[in-house]
Each structure stands twice: as C-alpha cells, then as structure tokens.
S.K.: 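Before I ask anything, let me first share the structure, which is written out below as structure tokens.
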Amino acid sequence: MMIKSTISVFLLAVLVSVGAMAQNARIKIDLDRKIGEIDEKLYGNFVEHLGRCVYGGIYEENSPLSDERGFRKDVLEAVKDLNVTITRYPGGNFVSNYNWKDGIGPKDERPPRMELAWARLETNRFGTNEFMEYAREMGTEPYFSVNMGTGTILEAQQWVEYCNVKEGPYYAELRKKHGYPEPWNITYWSLGNEMDGFWQMGHLNADDYAKKAREAAKLMKLTSPQIKLIAAGSSNYRPNADPNEWNAKILHELRDVVDYLALHMYVGNPSDNYYNYLSTPMVLEERTRVVKGLIDREMENADRGDRDPIYIAWDEYNSWYRARDAETMAGTRALEEHYNLEDALVIAGFLNAFIRNADIVKMANMAQLVNVIAPIFTNEEGLFLQTIYYPLQLFAQNAHGTSLDLFVDCETYATDEFFVGLGESTTKQDAVPFLDVSASVHNGEIIINVVNRHKDKAITTDIISQSGNFDGAIEVLEVNGPTVKAKNDFDKVEVKAVQKESLKAKGSVLTYNFPAHSFTQLRAKIK
Ligand code: AHR
C-alpha cells in the first residue's frame, strides 16, 4: 500500500515537471500554402531633398570621395549592397512646393530657392537628370512624385513630357538640349505626397485632392500612356484625422485611374518601452488588412480593363522619433536619427509584415536612403552603416519568390500601449507573439525570417517541414548585438549581420535556438 502510494506520488511529480517544461515553439512550413508573389519593389528606398540626404549624402561636389559628377563613391557602394529595387524622388514634403524646372539645365544658372518644408536653401544643383544618372548607377527603378500642393496639373504633365517623350514637343526637345537625347521613360509617378496632412504645403481635403489628382493623371497618361500612378493614401493618424475615410474616398474616386495607394507609417520608442515598440509592425499589418478590404470593395465595380487591381505601396516607413522637434527637423542636419538594435528589429518586423502581405503590398520604400532617418550615415571623411542597414540588406538580397503562409505557435506577451506614433496613442492589451516570422520560396530555396522579440530569452523552436525532409546544410545569418541599445558609429560596429555555423536538420524537423533580441535568416532546401 505504502509502496503504491509512493509510486503514484513519484509519477505525479514527473508528470507535473514534464507539464511545467516549456514546449518548444513551432513553425510549420507547407510549400502548398502560398500567399502571393513577392514583388521586387518591396525593397525600395527614398531620396528626398531634405537635410543631408542629397547634398552631403549621395551627392557632394568637390569631395575627394566623389566622382567627377559629384556622386559619393563610398555611398554608392553601400547603396548597391542594399539592392534597392525602386527609389522614390524628390520628396516627401519637399515636393509639395517644388518646381521641377528649377532643377534642370546648366547648374550655375539654376535658381536657389527657399526650401520651406525643412527650412533650407535649395540650390537646385541636383535635379531630374542628376537623379536619373544616379539611379542608373544604383541599378534602381526611378519613382517620381509630382507636386500636387502648390504645383499645377500642367507642370506635372510637362515633367512627364520632359522625362518620357522622345522628341517633338518643347519639353522633350529641352531635355535633348540639356544633353539627354533619349527619354528616361519613368514608369512610376505618384500624385503628390501626404495630401491628407495639414502640414503639407497646399494640403487639400479628400474631395479636392481626388479631383486634382484625377485631372493630373489624365494629362500625365495622355502624355505617356504606359506610366503607373500612385495615389496619396493615409499618412495622418493624429487625433481628429480619419485615415480610413480618406483612403475610402480616394479609392472610390480614383479606382479606375491609379495603380497603387500609398501609405506611410513611422514608429518610435519615445517612452522607452521595448516590448511595446517591438509590436509596432503589427499596427502596420492591421492597417494593411483594413486598406485591403477597402480596395477589394472598390475593385468589384472598378473599370480597369485588363490592368491589375490597385495594390498598396508603403512608400514611406521607418522608425523616426528622436529627431522630431523644431530644432532637429530643420536645416542641413535635419532628421539625423542614430539607430540601435531595437530599431533594426522593428525594421525586420516591417519587412516580415510586407512579406506576409505580399498579395496586396507590392511596393515599399524605406524612408530614407542616406543621413535622413537612414541606413547609411556619412561625414566628410566616410560613412558607417546603421543597425537598420542589415535587416534590409538580408531581405533585399535573399527574400524573393513566393511568400508562404506559416503556422507559428509560440509564447505571447501583452503590451499596455499597443502603439505610440505621431500624436497617436492607442491602448490595447493585445497578444504579441515573441517570434515574428515570414518565409518565402524561390528556385527551391526556402528563406525563413525570424525576429525573436524576447529581450532576455533564447527561444528553442522546431521548424517543421510539411513538404518533405530538409536537404543539406542550412545557412544561418544573424543580426544581433550586445544589448538592445547597441549602436554603430564611425569608429565602432556593435550590430551587423553575421554568418553563423550552418545547421543540419533531422528529417523534416529543424530545431534551432533563436537568441534573445535577434533577427535570424535561415536558408534551407527541402526534398
Ligand atoms: O521622410 C520624411 C518626411 O516624412 C517626408 O518628407 C514626409 O512625406 C513624411 O511626413
């Protein structure tokens, strides 16, 4: 009797301790569960005439680091490694009071102007043709934004004529006279920037914007029928704004005309709440789903011939919260954020969100390329790569093909502030998974992107293939650093992408311990 009860107590203790042992997290991969094709334009970027993005960034005349055209050679090299597929230009808020005609012709004859968006003198020594030459060097698709603020629909039409018409009319001939006999044939054009924002020069209400954008689109398309147009969707999420009403209205009015709706989002960590900050890409995903619903509704009655449906272009996204007061948002040193590891993890989260929504998000542009809230930071003697450079580089170089719909099972956490952004503060007790995951398959190779949001704990995870056994060595790339506040600088590299020892799976299961506060990219094959 005594022995029997001792055994049952022992068995109970074993069961309790097995139950208490944390189960491995699980990621299941099934090659038949596809979300959509990953558009290469997800790896876009943005060059605005703002602070030192152009002048002192990509372009520095008379610098020993520049070529004869003034292009910084060291910057160009770092840019090329980012595989920037499409680059938006020239703004941003800047474009809403920009006259493109100021930036063409002999440089010494171009008029200097007051730049009102970011309080600078704009010399106009860099303009359309300089940007296009730079874009050719970068190997990027150009994406121009026209001035729908203080600009007219005629100016927009004339810019398209200057860029895309081979010969004949005045502005095509002017381009030839400026030394460019062949048209640039720019496909992507956005109809203004953040026109829903009260801060925008020439800000319009939704009705007036839709009317102006539709007429601009008409003239631009008559000039160059193959162009694709991007409408300005929501950027204003402050109290009193109604971003979805704006999006619904613009989609309804422009559904036959435009090809993309542009959305913007910046996040930050002003209250130093790591876990909350790491959850912010979930807000982007939530907004994406809402806009997808609005698009679906409009596509039912749209008259688009054989054109694709409207897609989402997240054509500005990043972390931006330190350089946000009157002083740091003006002049030649505006918006110079110095990023740390937690910012890099948020960027990896954004990229995961784009991949998971690859069926509807067909363009994304990190804002911006150099110095201004940027992955590359220069001074007159050189540059360093910010922490956010590395996740972008790994995604842009490796995550292509078809996005996969994964099953992910892991522990979650709650945040008291779900999101604190620009004037926006939403309190929600939402469950945030510690593992943020996306995957894609391309030419038989599977890329798995995992952010471990846990600040202190590695998470042991079984990655289970539902489509056969893992085949051969599995490559591991990791972005991490000593603490979540670790930063890079001109004289130190604390955060970078590191190739780890490759792995071997057991049949269809690969078990991996994702380190605390890390982004890991695995490259595997299944047979
Ligand atoms: O990227 C910086 C600024 O952020 C852009 O000029 C504007 O469009 C947005 O508000």
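We count ligands from 1, going down the list as the structure has it; atoms in each ligand are counted the same way.
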S.K.: Under 4.0 Å from a heavy atom of I373: give me the atoms of ligand 1 that qualify, with their elements.
M.R.: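 The list of qualifying atoms is 1 (O).
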
S.K.: Check each of F94, W118, W199 against atom 3 (C) of ligand 1 and report the one with the nearest heavy atom.
M.R.: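 Nearest option to atom 3 (C) of ligand 1, by heavy atoms: W118.
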
S.K.: Look only at interatomic distance and state if Q368 has a nitrogen or oxygen under 3.5 Å from any nitrogen or oxygen of ligand 1.
M.R.: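 Among all N and O atoms of Q368, at least one is under 3.5 Å from an N or O of ligand 1.
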
S.K.: Which ligand 1 atoms does E194 reach within 4.0 Å, using its non-hydrogen atoms?
M.R.: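 Reading through ligand 1 atom by atom, the close ones are 7 (C), 8 (O), 9 (C), 10 (O).
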
S.K.: Please state which part of Y266 comes within less than 4.0 Å of ligand 1, counting heavy atoms only: side chain, backbone, both or neither.
M.R.: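 Contact part for Y266 vs ligand 1: side chain (C-beta onward).
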
S.K.: Establish, yes or no, whether the cationic atom of R88 lies under 6.0 Å from the six-membered ring centre of F46 and within 45° of the ring axis.
M.R.: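 Judged by the rule (NZ or CZ under 6.0 Å from the ring centre, within 45° of its axis), R88 counts as positioned above F46.
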
S.K.: Salt bridge between E337 and R322, side-chain N to carboxylate O under 4.0 Å?
M.R.: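 Looking at E337 and R322, the cut-off is met.
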
S.K.: So if I count the atoms of ligand 1 from 1 in the order they appear, which ones are less than 4.0 Å from some heavy atom of E48?
M.R.: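 It comes down to these atoms of ligand 1: 5 (C), 6 (O).
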
S.K.: For ligand 1, which atoms have a heavy atom of E316 less than 4.0 angstrom away?
M.R.: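 Listed by number with element: 1 (O), 3 (C), 4 (O), 5 (C), 7 (C), 8 (O), 9 (C).
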
S.K.: Just to verify, what does N99 make a side-chain hydrogen bond (donor to acceptor under 3.5 Å, both in side chains) with, not counting sequence neighbours?
M.R.: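 With sequence neighbours excluded, N99 shows a side-chain hydrogen bond (donor to acceptor under 3.5 Å, both in side chains) to no residue whatsoever.
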
S.K.: For V290, enumerate each residue passing the side-chain contact (heavy atoms from CB on, under 4.5 Å) test, keeping only those at least two apart in sequence or located in another chain.
M.R.: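 So V290 forms a side-chain contact (heavy atoms from CB on, under 4.5 Å) with N244.
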
S.K.: Select one of side chain, backbone, both or neither to describe which atoms of N93 lie under 4.0 Å from any atom of ligand 1, heavy atoms only.
M.R.: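 The answer is both, backbone and side chain.
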
S.K.: In terms of relative ring orientation, are W159 and F144 parallel, tilted or perpendicular, with 30° and 60° separating the classes?
M.R.: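 Judged by the thresholds at 30° and 60°, the geometry between W159 and F144 is tilted.
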
S.K.: State whether the side chain of W100 and the backbone N or O of E155 hold a donor-acceptor pair below 3.5 Å, judged by distance alone.
M.R.: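 Yes, W100 side chain to E155 backbone: donor-acceptor pair under 3.5 Å.
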
S.K.: Validate the cation-pi geometry between R110 and F126: distance from NZ or CZ to the six-membered ring centre under 6.0 Å, angle to the ring axis within 45°.
M.R.: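 Not flagged: R110 not positioned over aromatic ring of F126.
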
S.K.: Against ligand 1, does W320 come closer than 4.0 Å with any heavy atom?
M.R.: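 So W320 counts as touching ligand 1.
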
S.K.: Quick check on N318 - does any of its heavy atoms sit under 4.0 Å from an atom of ligand 1?
M.R.: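 N318: no contact with ligand 1 (<4.0 Å).
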
